[in-house]
**Q** 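Below is a structure I'd like to ask you about.
Order of appearance sets the numbers: ligands from 1, and atoms from 1 within every ligand.
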Amino acid sequence: KPLALPGAHVVVTGGSSGIGKCIAIECYKQGAFITLVARNEDKLLQAKKEIEKHSINDKQVVLCISVDVCQDYNQVENVIKQAQEKLGPVDMLVNCAGMSLSGKFEDLEVSTFERLMSINYLGSVYPSRAVITTMKERRVGRIVFVSSQAGQLGLFGFTAYSSSKFALRGLAEALQMEVKPYNVYVTVAYPPDTDTPGLAEENKTKPLETRLISETSSVCKPEQVAKQIVKDAIVVTMGLFRTIALFYLGSFDSIVRRCMMQKEKSEITDKTA
Ligand SMILES: NC(=O)C1=CN([C@@H]2O[C@H](COP(=O)(O)OP(=O)(O)OC[C@H]3O[C@@H](n4cnc5c(N)ncnc54)[C@H](OP(=O)(O)O)[C@@H]3O)[C@@H](O)[C@H]2O)C=CC1
Ligand SMILES: CCCCCCCCCCCCCCCC(=O)[C@@H](N)CO
């Protein structure tokens with residue numbers, strides 16, 4: 001049941017920096033082929049060089065793709081097609097491209113709400129939408145969403161950021177219910193503050209309250225966070241909240257399975273009729 005990473009094709013959005021880059025390295029160390037997706041080409045090439053230092057055989061490839069994950073769906077679909085032509089169908093997609101901006105609700109521009117919803121939410125919808133059909137057809141696939149602790153708990157200063165990260169949980173749970181019969185697994189990571197260029201950028205404009213709240217827990221290393229995210233994606237287990245909802249989810253899942261069987265049965269009778 002665990003996904004075999006050796007030889008697998010792993011796509012990491014936001015793979016040129018911070019947590020995403022460390023996820024790419026972690027998968028590469030385990031023998032995967034990597035596609036890095038981000039906008040800035042220099043940062044992509046720099047990350048590619050760094051990742052390649054960790055190769056375990058001479059067949060492994062790191063492919064770089066420069067695209068904005070939330071600008072235009074057709075663009076995203078096209079680059080995923082290109083990546084699949086070069087490295088084969090995507091076995092695992094890690095949606096790590098994202099950003100944070102903080103400030104009191106009344107101080108944030110409304111455009112900030114649009115921007116964060118676009119990059120953090122739609123920027124995960126587009127790549128996932130582009131890989132899901134092939135994953136379902138092959139009955140193989142993992143999709144990872146990188147939310148945040150601020151995606152479990154709404155926190156001072158994070159009205160725009162928290163809501164964009166909460167959205168990922170709704171997306172992930174609904175999608176998981178749809179694709180489970182096809183052996184595709186969806187996981188969500190909720191990392192704490194992690195030492196990355198993104199966090200350094202965010203800290204420049206953090207309100208005092210947000211900073212003090214954040215300082216109650218310590219800053220993690222991106223390598224450590226990445227390791228956990230990859231582990232959780234390979235061997236999917238159940239968290240506490242999921243266990244409580246187990247009864248409901250189990251019965252909903254069986255409805256979904258029943259419908260799928262019904263649909264397959266009627267397709268067969270349609271063909272024979
Ligand atoms: N660091 C932290 O404390 C925490 C971070 N997170 C989440 O983890 C993820 C990664 O964070 P972190 O490593 O700090 O981020 P970084 O800022 O270090 O890296 C962000 C990556 O995303 C890419 N990216 C940003 N916008 C786009 C876009 N529109 N299209 C394509 N690629 C894009 C960047 O490349 P480029 O700019 O070239 O496009 C870069 O590769 C984010 O979703 C963040 O919200 C969650 C909890 C804590
Ligand atoms: C059951 C839930 C556990 C809750 C633990 C409480 C933790 C409070 C501190 C929160 C720190 C804020 C993290 C945001 C990180 C982030 O996403 C940005 N740094 C991105 O750049």
**Q** Is there at least one pair of N or O atoms, one from V69 and one from ligand 1, spaced under 3.5 Å apart?
**A** yes
**Q** For side chain to side chain contact (heavy atoms under 4.5 Å, CB included), just list the numbers for F105 and F113, CA-CA rounded to whole Å, side-chain angles, deciding distance to a tenth of an Å, and then say yes or no.
**A** CA-CA 10 Å; F105 187 57; F113 289 81; 3.4 Å; yes
**Q** Judged by non-hydrogen atoms, does S100 sit under 4.0 Å from ligand 1?
**A** no
**Q** So, are E85 and K81 salt-bridged, with charged N and O less than 4.0 Å apart?
**A** no
**Q** Counting heavy atoms only, name the option from S118, G123, A24, A38 that's nearest to atom 32 (N) of ligand 1.
**A** A38
**Q** Below 3.5 angstrom, do we get any N/O pair linking S217 and ligand 2?
**A** no
**Q** To the nearest 0.1 Å, how far is atom 20 (C) of ligand 1 from its closest protein heavy atom, and which atom is that?
**A** G98 O, 4.0 Å
**Q** Hey, is ligand 2 close enough to Q152 that some N/O pair sits below 3.5 Å?
**A** no
**Q** Evaluate S148 for polar contact with ligand 1, using N/O atom pairs at a separation under 3.5 Å.
**A** no
**Q** Relative to the heavy atoms of S16, which atoms of ligand 1 are at a distance of less than 4.0 Å?
**A** 35 (O), 40 (C), 41 (O)
**Q** Tell me whether E52 is salt-bridged to K48, with the criterion being a basic N under 4.0 Å from an acidic carboxylate O.
**A** yes
**Q** Short N/O distance, under 3.5 Å, between Y161 and ligand 2?
**A** yes
**Q** Identify whether L122 and I119 are in the same connected component of the hydrophobic contact network (ILVMFWY, side-chain heavy atoms under 4.5 Å).
**A** yes
**Q** Would you check whether I119 has a nitrogen or oxygen atom less than 3.5 angstrom from a nitrogen or oxygen atom of ligand 1?
**A** no
**Q** Going by the closest heavy atom to atom 5 (C) of ligand 1, which one wins out of V12, I19, L116?
**A** I19
**Q** Under a 4.0 angstrom heavy-atom cut-off, which atoms of ligand 1 come close to G18?
**A** 13 (O), 18 (O)
**Q** For L155, take its heavy atoms, then give the atoms of ligand 2 lying under 4.0 Å from any of them.
**A** 10 (C), 12 (C)
**Q** Answer yes or no: does an N/O atom from Q149 fall short of 3.5 Å to an N/O atom of ligand 1?
**A** no
**Q** Taking 4.0 angstrom as the limit and counting only heavy atoms of S148, give me the atoms of ligand 2 inside it, by number and element.
**A** 14 (C), 15 (C), 16 (C), 17 (O)
**Q** Output yes when D253 and K180 qualify as a salt bridge under the 4.0 Å nitrogen-oxygen rule, no when they do not.
**A** yes
**Q** Quick one: does C22 get a heavy atom under 4.0 Å from ligand 1?
**A** no
**Q** Closer than 4.0 angstrom: is that true for some heavy atom of L44 and an atom of ligand 1?
**A** no
**Q** Please check whether N120 reaches ligand 1 - meaning an N/O of the residue sits under 3.5 Å from an N/O of the ligand, judged on distance alone.
**A** no
**Q** May I ask you to check whether Y121 and F145 place their ring centres under 6.0 Å from each other?
**A** no
**Q** Salt bridge or not between E50 and K53? Use side-chain N to carboxylate O under 4.0 Å.
**A** no
**Q** What part of L153, side chain, backbone, both or neither, has a heavy atom within less than 4.0 angstrom of ligand 2?
**A** side chain
**Q** Please report which non-hydrogen protein atom sits nearest to atom 42 (C) of ligand 1, along with the residue it belongs to and the distance in Å to one decimal place.
**A** C96 O, 3.4 Å
**Q** Would you mind listing which atoms of ligand 1 come within a distance below 4.0 Å of any non-hydrogen atom of P191?
**A** 46 (C), 47 (C), 48 (C)
**Q** Of the choices Q149, E201, K165, which has the non-hydrogen atom that lies closest to atom 8 (C) of ligand 2?
**A** Q149
**Q** Can you report which non-hydrogen protein atom sits closest to atom 22 (O) of ligand 1, along with the distance?
**A** G14 CA, 3.2 Å
**Q** State whether the shortest distance between N or O atoms of G198 and N or O atoms of ligand 1 falls below 3.5 angstrom.
**A** yes
**Q** At less than 4.0 angstrom from any non-hydrogen atom of K43, what atoms of ligand 1 do you find?
**A** 35 (O), 36 (P), 37 (O), 38 (O)
**Q** Which atoms of ligand 2 are found less than 4.0 Å from any heavy atom of L199?
**A** 19 (N)
**Q** Under 4.0 Å, counting heavy atoms only: does Y190 come that close to any atom of ligand 1?
**A** no
**Q** Let me see the working for M135 and I143 under side chain to side chain contact (heavy atoms under 4.5 Å, CB included), right down to the final yes or no.
**A** CA-CA 10 Å; M135 283 185 174; I143 295 182; 3.9 Å; yes
**Q** Considering the heavy atoms of S100, write down every atom of ligand 2 situated less than 4.0 Å from one of them.
**A** 20 (C), 21 (O)
**Q** Side chains of E202 and S100: any donor to acceptor distance under 3.5 Å?
**A** yes
**Q** In ligand 1, which numbered atoms sit nearer than 4.0 Å to a non-hydrogen atom of D68?
**A** 28 (C), 29 (N), 30 (N)
**Q** Starting from Y185 and following side-chain heavy-atom contacts under 4.5 Å between hydrophobic residues (I, L, V, M, F, W, Y), which residues can be reached?
**A** V236
**Q** Measuring from atom 26 (N) of ligand 1, which candidate in E201, K21, R39, M99 has the nearest non-hydrogen atom?
**A** R39
**Q** Please work out whether any backbone atom (N, CA, C, O) or any side-chain heavy atom from C-beta onward of T13 is under 4.0 Å from ligand 1, and answer side chain, backbone, both or neither.
**A** neither
**Q** Side-chain heavy atoms under 4.5 Å apart, restricted to Ile/Leu/Val/Met/Phe/Trp/Tyr: what other residues fall into the cluster of I19, or is it alone?
**A** L3, L5, V10, V12, I23, I25, Y28, I34, L36, L44, I51, V62, M92, V94, V140, V144, V146, V225, I229, V230, I234, V235
**Q** Looking at V146, which atoms of ligand 1 are within less than 4.0 Å of one of its heavy atoms?
**A** 7 (C), 8 (O)
**Q** Sub-3.5 Å donor-acceptor pair from the side chain of S66 to the main-chain atoms of R39, do we have one?
**A** yes
**Q** For ligand 1, which atoms sit closer than 4.0 Å to a heavy atom of D193?
**A** 3 (O)
**Q** Below 4.0 Å from ligand 1: does a non-hydrogen atom of P192 turn up there or not?
**A** yes
**Q** Could you say whether the N/O atoms of C70 and ligand 1 ever approach to under 3.5 Å?
**A** no
